[in-house]
Amino acid sequence: MVYTETSTIMQTLSHLKALEAESIHILREVVSEFQRPVMLYSIGKDSSVLLRLAQKAFYPGPIPFPLLHVDTSYKFREMIEFRDACTRQVGARLIVHTNRQALDDGAQPFRLGTQRCCGLLKTQALLDALRAGGFDAAIGGARRDEERSRAKERIYSFRDVHGQWDPKNQRPELWNLFNGRIGPGESIRVFPLSNWTELDVWHYIHRDNIPIVPLYFAKERLMLVRGETLVPVEQPFIPVLPGEKPRLVRCRMRSLGCSPCTGAIRSDADTVPKIIEELIAARRSERENRVIDHDQDGSMEIKKREGYF
Amino acid sequence: MATRAVLEPAFEQYLARDGEKGLLRFLTCGSVDDGKSTLIGRLLFDSRNVFEDQVQAAAKATRNRAAGEVDLSLLTDGLRAEREQGITIDVAYRYFATARRKFIIADTPGHEQYTRNMATGASTADLAILLIDARQGVLPQSRRHAFICSLLGIPRFVVAINKMDAAGYHRAVFERVRDEFAGFLAKLGSPQAYFLPISALAGDNVVARSRRMPWFDGPSLLEHLETVESGGLQASTGFRMPVQCVSRPDHAFRGYAGQVVSGAIHPGDMVTALPSGRRSHVRRIATFDGDLAEAFAPMPVTLELEDPLDISRGDLLFAGSGHPHMAGRFEAHLIWMDPRPLDARRRCLLKHTTQTVAAEVTLRHRVDIHTLHAEAAPALEMNAIGVVEMVTTKALFFDSYRLNRITGSFILIDPETNATLAAGMILQPVAAPAGSGPVTAAERMARWGHRGAVIEIETASLAVALERALFDHGCSVAVAASRSAASALKGAGILAILVTPSAPLRDVAAALRQLQQQGVLVSRDTVSTGGGI
């Protein structure tokens with residue numbers, strides 16, 4: 001078979017524009033092919049990018065799906081303030097869901113361990129919220145470069161009636177033709193940022209001037225300093241060791257989760273270009289300071305099989 | 001800090017430059033144990049794209065196995081089952097960048113039973129790296145993968161003959177494998193291939209050029225990847241945009257949202273919509289970042305047209321020379337991906353661009369991946385490749401896959417299990433066999449290249465001249481005796497010419513122009529823009 005090369009001079013897009021194009025195509029497909037899509041909004045930088053892409057995909061119309069925030073109640077205060085301001089400004093409909101029952105029963109990471117705490121406040125809460133809303137497609141900001149099992153996941157990730165992922169039996173995903181057909185109770189998790197890297201996300205935030213939570217920028221914050229680890233002291237239940245006192249440290253968050261499980265890093269990076277400069281110099285990967293990924297070998301894969309994003 | 005103030009403008013410049021870097025998507029394939037995962041690990045490691053903690057995690061896992069110092073393949077194998085068995089099951093995507101380019105790697109499985117996952121990785125790649133173990137030589141799986149890559153239209157190959165360290169870095173070994181495989185690629189009619197000897201394990205010719213093979217003076221793998229022409233996915237058809245959705249935020253605006261899949265479009269350009277065949281001009285190319293003076297593939301846009309055309313999801317907008325086919329019957333290559341084989345005939349759903357239609361697939365023959373010959377077969381098993389005839393309940397608007405990887409591709413879906421059954425690559429439309437039920441409007445349109453219309457023209461002699469001109473171009477045309485007869489003919493998809501003394505049309509050329517402008521004539525085969533008539 002002979003494939004002809006085009007003889008005309010071809011214009012090509014920069015890698016950021018090419019990634020943007022792919023993501024917008026995906027978002028439009030989701031809205032066109034599902035009855036009740038929803039966008040998972042975690043307030044982090046990836047969610048900020050996803051939100052901007054949704055604005056672009058449907059411009060000049062409004063974003064045609066609600067945003068869902070699964071609030072464990074242990075998020076940083078600044079995250080919640082940013083969430084409310086940002087969604088109001090964009091004009092998006094926001095749904096906030098919390099596993100009240102588990103919190104009333106005293107769920108927190110130091111009592112239950114991070115695995116069980118995440119299971120109840122994130123995975124269970126998410127599945128409950130998706131069921132309550134009758135959502136058949138949930139759009140999330142996960143990227144394949146974050147973690148080894150994510151690198152294997154499709155852009156359209158099929159979930160059974162229990163919200164579970166079967167990594168060994170994924171639908172082949174060819175070209176830009178997504179198979180979003182599902183049976184009753186089944187759903188698809190959609191990852192429009194699959195092919196973006198952490199660095200791409202930052203470049204895009206810089207280029208498009210996208211607002212992000214101030215926690216990403218370095219400033220003096222009260223931290224418990226434990227060797228290399230900086231533990232934020234937002235929640236009263238953080239166990240303080242004898243003689244230990246929070247200190248003001250110039251630092252920032254590299255990724256945002258629940259405050260008890262998110263370590264800060266020492267940093268002077270208080271602008272987006274400085275963050276990018278720091279990242280290029282960095283030799284440690286992004287999720288490393290997220291305790292939950294390391295509690296067991298292949299732990300993210302296990303969480304995902306159970307229904308975690 | 002004074003130094004920072006000096007450095008910052010330079011860094012800003014770096015950021016601006018870096019944002020404009022191009023993108024190359026490639027896949028790695030080859031037989032199992034040819035060292036794909038190790039090669040990627042080496043590429044990432046030597047180009048300093050791996051994080052320290054990832055290397056530590058790989059080193060920790062290495063102790064459980066009998067590999068070298070750090071098993072670089074562990075940097076990529078992501079699933080527990082894969083790490084346990086030491087093989088790659090599913091396609092994994094990896095990302096890295098150098099100062100020149102950003103790369104997306106699809107690391108695909110070598111085992112035959114996971115061929116469908118390999119095809120997944122190949123469908124979006126614009127370059128394929130085929131690994132061959134220098135000691136094993138060309139294996140059946142090497143040929144299979146080369147064939148699939150070629151079938152999926154990947155325009156560039158790199159053939160990396162690996163494990164040269166275990167073959168004594170001998171030139172003769174490299175040349176023997178190269179010559180054997182070059183012969184096979186020639187049979188595929190394959191695109192440019194760059195052959196090079198490497199050792200992923202020892203790092204020869206991966207990032208840095210090898211000093212242990214002075215007899216080879218070509219660029220290293222990474223040097224080649226950084227400089228090879230990219231943009232392989234671009235098609236050689238004119239402007240095409242399948243409509244994804246219609247944007248109607250208020251009564252003042254109606255836009256058609258979609259991704260430009262080939263060609264370019266500008267405000268003022270004339271576009272034709274299929275299936276209606278109606279035409280209009282582009283008023284605005286609307287985007288969040290402002291209206292554009294030009295959009296080209298693969299940009300996502302929202303087009304506002306001058307006239308209100310009845311367009312919805314699944315329709316196709318196109319412009320320029322070269323019309324897409326519009327047909328409900330075509331021939332295609334198929335890679336079967338379901339555990340249940342394709343029997344001689346099967347009903348299923350077909351997704352093509354932005355529409356999903358019911359379809360029937362009939363197996364013509366299987367393709368032998370070693371000889372590339374057609375062979376009769378009662379069924380197509382999982383991972384087998386065949387040629388099929390597809391009949392859809394609605395006409396599709398397509399190009400052959402050879403010309404356009406987006407408008408020429410489709411997937412088949414099982415209507416009961418919703419599984420993705422197959423990947424299809426369109427070869428060409430085929431004529432319907434005689435006597436297959438009632439003739440549909442789509443079939444008439446596909447055959448004649450036009451829809452039904454009444455053409456009013458001033459005199460009887462002009463009517464005869466016009467009838468002759470259209471007939472000679474393959475149209476179904478007749479001069480009608482009355483308005484009601486004309487209307488009936490139109491309903492049957494025929495061009496009905498009606499003599500009306502007050503008609504504004506006074507010559508044949510004007511009538512033809514009008515038919516084209518109104519989009520009555522749509523087929524590429526019957527529209528002649530040559531000035532003869």
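Throughout, protein chains are lettered first and strands after them, A, B, ... in sequence-line order, and every chain is numbered starting at 1.
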Residues [X], [Y]: salt bridge by 4.0 Å N-O rule:
X	Y	value
A:Glu153	A:Arg159	yes
A:Glu20	A:Lys56	yes
B:Arg313	A:Glu29	yes
A:Arg254	A:Glu198	yes
A:Asp270	A:Arg250	yes
A:Glu228	A:Arg266	no

Chain B contact via [X] - which portion, at a heavy-atom distance below 4.5 Å:
X	result
A:His25	both
A:Arg207	neither
A:Leu199	neither

Please flag which part of [X] lies under 4.5 Å from any non-hydrogen atom of chain A: side chain, backbone, both or neither.
X	answer
B:Ile104	side chain
B:Thr356	side chain
B:Ser247	side chain
B:Leu372	neither
B:Phe253	side chain
B:Ala419	backbone
B:Lys351	both
B:Val260	neither

Pick from [options] with the largest number of heavy-atom pairs that fall under 4.5 Å of chain A:
options	result
B:Thr354, B:Asp250, B:Thr302, B:Thr287	B:Thr287
B:Gln259, B:Met337, B:Lys102	B:Lys102
B:Gly258, B:Gly255, B:Ala16	B:Gly258

Quick one: which of A:Asn195, A:Thr197, A:Asp200 has the most heavy-atom pairs under 4.5 Å with chain B, could you say?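 Top count of heavy-atom pairs under 4.5 Å with chain B: A:Asn195.
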
Heavy-atom pairs under 4.5 Å with chain B are the metric here; pick the option from A:Gly61, A:Pro172, A:Gly180 that has the most.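 Looking at each option in turn, the highest pair count goes to A:Pro172.
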
Does atom CG (A:Asn209) have a neighbourhood of more than 12 heavy atoms from anything else shown, all under 6.0 Å?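 For A:Asn209, atom CG is not crowded (no more than 12 foreign heavy atoms under 6.0 Å).
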
Whether over 12 other heavy atoms sit under 6.0 Å from B:Arg248 CZ: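 Check passes, neighbour count above 12.
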
Do A:Trp196 and A:Phe191 have ring centroids that are under 6.0 Å from one another?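 No, the ring centres sit 6.0 Å or more apart.
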
Is it the case that the side chains of B:Asn383 and B:Arg116 hold a donor-acceptor pair, with the cut-off being a distance below 3.5 Å and no angle test?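 Distance-only check fails for B:Arg116 and B:Asn383.
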
